[in-house]
Amino acid sequence: MKVLFLAAEVGPYLSVGGLSQVSYFLPRALSELNNDVRVFTPKFGTMDSTAPTKSGWRLKNELLGLRVPVSDEIRGETDLICNVKSYQRSGSKVKTYFLENREYYELRANVYGYKDDHIRFALMCKGCLEWLLVQKSRKTQNEETWFPEIIHCNDWHAAYFIELARTVPRYRELLKRTPIVLTVHNFTFQGNFDFKYCAPTERDDGKKQLLPLLDPEMQKQNPLLRGILYADAITTVSPTHAREVLTEEYGEGLDKLLLRERNKVSGILNGLDVREFDPTKDPLVYANFTRRNFQRARRKNKRYLQDQFGLPKDERAFLLAYSGRLTNQKGLTLLIEAMEHLLPEFPWLQFVVLGGGDDSYRRQLTELASAYPKQVGLHLLPNFQLPRKIFSGADGVLIPSLFEPGGIVALEALRYGAVPIVRRTGGLNDIIEDFDPATRKGNGFSFINKDAWSLYGAVVSAATTYRNSHLWERLVLNALASDFSWEHAAHEYYEWYRRTLATYRRMASHVPHVAYTGRVR
């Protein structure tokens, strides 16, 4: 299958958040299943400093002087000039196309955070559509060229593409046989405007035509909402989160729309790159190990971790860890309150924390460490090397998130043998199966309610199991055996593409020349 993947950030060329990792690993895994996958993204100026080879990179010219219509009567502009270039890493089957524009991409220091981000990403979408027009033109002239069978958009940045493709006549005709799907990685981010708390009179319902790129009112039009309306199929990053977003608690103001469009919504759990995260040869791990010899190596890693955080080197201690942002969303209030009761009750419990964030949580954690200096160790700054050292040495990892669409920390912890203790939400619910001492099945512990005592109970269950070395050893082995590779996720995405394509073609055959949008309009 020929798949076009559209995203605002793509690894390894540039990485700000989890989207860049998905945009790198998923296309690669799909290509290894013999799909022809291409990626389209902007060419940001910062990419020159993160080139994939030490000698830099040389981009291939695909299309120079591409005129992207913007229809700005105020400034007297009708087109923006862009280039499309490409690069294919050695040994990779995935070709990446980059949209060049000096004003909106190359001269900016950052990927996000500008007041005109809505223009920048709408330009990405429109530039991709114009490039596809040229590709189609070349194809009709019998030139050797590539054109997608399905287009996969990601988050609000790429959602402009979907509405343009289904409402603008020149693009609608171009893609009338091509389904367009949308993955929403986080429903909190819906555009470059505060849609959730804006006045009711300013709230976009998606019924008015999308305004030109440079119209100042375009910022108030919700691209994620519109992408949901016009997409042929939608995924979230876990099956549980796909159900959660249909509720007011998790839907971020889009729950009523998602309920109306629920026939299009499903969930596919993100994967983990098992070659990058490999405890058998990871250079960041103090003592590497396999499933056959993890006991001794993980004890060494535990002592090393205790030393790094200034804690007593005690193999018998139950060492718990938190790694992530210090925010309320991650359940820090529950975590700190539970620890205030756990630490004095269990003097053989140790607790290490890695991450930066809210100053109030930093202060509370510092006070906790002062009260229990032999039990609590802190590193309250972001660090990209410490997490894997933590996961390879800690007995358990605490993830008490109030909501968690995917759950990448749980996947990383399992890969290195640290047992996750999680709140049942989003991807965490799909990743963790509670350990049953009788059957010896399961890979972690969980709780449901958003309160500190529920977390307390889950930790006590884990600590009780830890005291039985044979049971705990079996639990760690279960964690190491958990399979959440990108290969597994890619199979699910391929099946999703296949079903969407079949549905699209069936619906289109009943209504000639009308693109199926998953809803009656």
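Everything quoted here is computed from the prediction, not taken from an experiment.
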* Asked: Okay, side chain of Ser137, backbone of Leu133: is any donor-acceptor separation there less than 3.5 Å?
  -> no
* To do: Find out whether the Lys NZ or Arg CZ of Arg28 is both under 6.0 angstrom from the six-membered ring centre of Tyr24 and within 45° of the ring's axis.
  => yes
* Check: Asn192 side chain, Lys115 main-chain N or O, donor-acceptor pair, under 3.5 Å -> yes
* Asked: Closest heavy-atom contact between Asp117 and Val111?
  -> OD1-O, 4.3 Å
* Between atom CD1 of Ile150 and atom OH of Tyr494, what is the distance when rounded to the nearest 0.5 Å? -> 10.5 Å
* Asked: Any donor and acceptor pair, going by atom type alone, linking the side chain of Thr41 with main-chain N or O of Ala7 inside 3.5 Å?
  -> yes
* With side chains defined as the heavy atoms from C-beta onward, is the minimum distance between Thr96 and Gln88 less than 4.5 Å? -> no
* Report yes if the side chains of Phe484 and Asn270 come closer than 4.5 Å at any heavy-atom pair, otherwise no. => no
* **Residues Glu100, Lys85: salt bridge by 4.0 Å N-O rule** => yes
* Under 3.5 Å, is there a donor-acceptor pair between the side chain of Ser238 and the main chain of Gly427? -> yes
* To do: Report yes if some heavy atom in the side chain of Val245 is under 4.5 Å from a heavy atom in the side chain of Leu254; otherwise report no.
  => no
* Does the side-chain hydrogen bond (donor to acceptor under 3.5 Å, both in side chains) test come out yes or no for Thr235 and Thr183, once each step is laid out? -> CA-CA 5 Å; Thr235 60; Thr183 292; 2.7 Å; yes
* Asked: On the ring face of Phe5, is Arg38 found with NZ or CZ under 6.0 Å from the centre and within 45° of the axis?
  -> no
* To do: Could you tell me the separation between the CG atom of Leu33 and the CD atom of Glu487, rounded to the nearest 0.5 Å?
  => 6.5 Å
* List the steps and the verdict of side-chain hydrogen bond (donor to acceptor under 3.5 Å, both in side chains) for Thr240 and Asp430. => CA-CA 7 Å; Thr240 295; Asp430 301 310; 2.8 Å; yes
* **pair Leu182-Asn154: side-chain heavy atoms closer than 4.5 Å** => no
* To do: Decide whether a cation-pi geometry holds between Lys136 and Phe147; the criteria are a distance under 6.0 Å from NZ or CZ to the six-membered ring centre and an angle within 45° of the ring axis.
  => yes
* Interatomic distance, Lys126 atom NZ to Leu80 atom CG [nearest 0.5 angstrom] -> 9.5 Å
* Should Ile180 and Arg166 be marked as a side-chain contact (heavy atoms from CB on, under 4.5 Å) after you check the CA-CA gap, both sets of side-chain angles, and the distance that decides it? -> CA-CA 9 Å; Ile180 306 171; Arg166 295 303 187 222; 3.6 Å; yes
* Can you find a pair of side-chain heavy atoms, one from Leu123 and one from Val68, that are under 4.5 Å apart? -> yes
* **Least distance between heavy atoms, Glu173 atom then Lys176 atom** => OE2-NZ, 2.9 Å
* Asked: Hey, mind stepping through Phe98 and Tyr13 against ring pair (Phe, Tyr, Trp, His ring centres under 6.0 Å) and telling me if it holds?
  -> CA-CA 11 Å; Phe98 298 94; Tyr13 312 108; 5.3 Å; yes
* To do: Compute the ring centroids of His157 and Tyr112, then answer whether they are less than 6.0 Å apart.
  => yes
* Any donor-acceptor pair under 3.5 Å from Asp483 side chain to Ser485 backbone -> yes
* CG on Leu214 to OG1 on Thr78, rounded to 0.5 Å -> 10.5 Å
* Taking atom types as modelled, is there a side-chain donor on Tyr361 or Thr333 under 3.5 Å from an acceptor on the other? -> yes
* Indicate yes or no: does Lys208 engage Glu217 in a salt bridge with an N to O separation below 4.0 Å. => no
* State, without any angle test, whether Thr247 and Asp255 hold a side-chain donor-acceptor pair at a distance under 3.5 Å. => no
* To do: Please check if the side chain of Asp358 supplies one atom and the backbone of Ser360 the other of a donor-acceptor pair under 3.5 Å.
  => yes
* Asked: Would a distance-only check, ignoring hydrogens and angles, find a side-chain to backbone donor-acceptor pair under 3.5 Å from Gln221 to Gln209?
  -> yes
* Start with the C-alpha distance between Asp155 and Leu224, add both sets of side-chain angles, then the distance that settles side-chain contact (heavy atoms from CB on, under 4.5 Å), and finish with yes or no. => CA-CA 7 Å; Asp155 279 343; Leu224 186 61; 5.6 Å; no
* To do: Determine, for Asp204 against Arg226, whether the closest basic-nitrogen to carboxylate-oxygen distance falls under 4.0 angstrom.
  => yes
* Below 4.0 angstrom, N of the basic side chain to O of the carboxylate: do Glu32 and Arg275 qualify? -> yes
* Heavy-atom side-chain proximity of Phe193 to Asn222 below 4.5 angstrom -> no
* Leu334 side, atom CG; Arg423 side, atom CZ - distance, nearest 0.5 Å -> 8.0 Å
* Check the side chains of Ser446 and Arg424 for a donor-acceptor pair under 3.5 angstrom, ignoring hydrogens and angles. => yes
* To do: Would you check if there is a donor-acceptor pair between the side chains of Asp282 and Tyr416 at a distance under 3.5 Å?
  => yes
* Asked: For Val353 and Leu326, which heavy atoms make the closest approach, and how far apart are they?
  -> CG1-CD2, 4.2 Å
* Got more than 12 heavy atoms from elsewhere within 6.0 Å of CD1, Ile448? -> no
* Structure fact -> Thr236 and His241 have their tightest heavy-atom pair at OG1-C, 3.8 Å
* Would you please say whether a donor-acceptor pair under 3.5 Å links the side chains of Glu404 and Thr425? => no
* With ring centroids as reference points, do Tyr160 and His118 lie under 6.0 angstrom apart? -> no
* Assess whether salt bridge (charged side-chain N to carboxylate O under 4.0 Å, His left out) is satisfied between Glu103 and Arg120, documenting all intermediate values. => CA-CA 9 Å; Glu103 179 181 356; Arg120 299 169 69 228; over 6 Å; no
* Please find out if less than 6.0 Å separates the ring center of Trp496 from that of His152. => yes
* To do: Indicate yes or no for a side-chain donor-acceptor contact from Glu244 to the backbone of Gly426 under 3.5 Å, with no hydrogens or angles considered.
  => yes
* Structure fact -> CG (Leu19) and CZ (Phe189) are apart, to the nearest 0.5 Å, by 11.5 Å
* To do: Determine, step by step, whether Leu332 and Tyr322 satisfy the side-chain contact (heavy atoms from CB on, under 4.5 Å) criterion, reporting the C-alpha distance in whole Å, the side-chain angles of both residues, the deciding distance to 0.1 Å, and the verdict.
  => CA-CA 9 Å; Leu332 264 293; Tyr322 173 84; 3.3 Å; yes
* **Contact check, side chains of Ser20 and Val10, non-hydrogen atoms, under 4.5 Å** => no
* Test: Glu202 and Lys220 ion pair at under 4.0 Å -> yes
* **Side-chain donor/acceptor of Asn443 to backbone N/O of Ile431, under 3.5 Å** => yes
* Identified side chain to side chain donor-acceptor pair (under 3.5 Å) counterpart of Glu276 within the set Arg415, Gln21, Arg388 -> Arg388
* To do: Please examine the side chains of Glu261 and Lys264, heavy atoms only from C-beta on, and report whether any two atoms are closer than 4.5 Å.
  => yes
* What closest approach, in Å, do Ala410 and Leu428 show between heavy atoms, and which atom pair accounts for it? -> CB-CD2, 3.8 Å
* Asked: Are the charged groups of Glu130 and Arg170 less than 4.0 angstrom apart, N to O?
  -> yes
* Any chance CZ of Arg203 has more than 12 other-residue heavy atoms, nucleotides or ligands included, within less than 6.0 Å? -> yes
* **Minimal non-hydrogen separation, Pro223 against Gly191, with atom names** => CG-CA, 3.9 Å
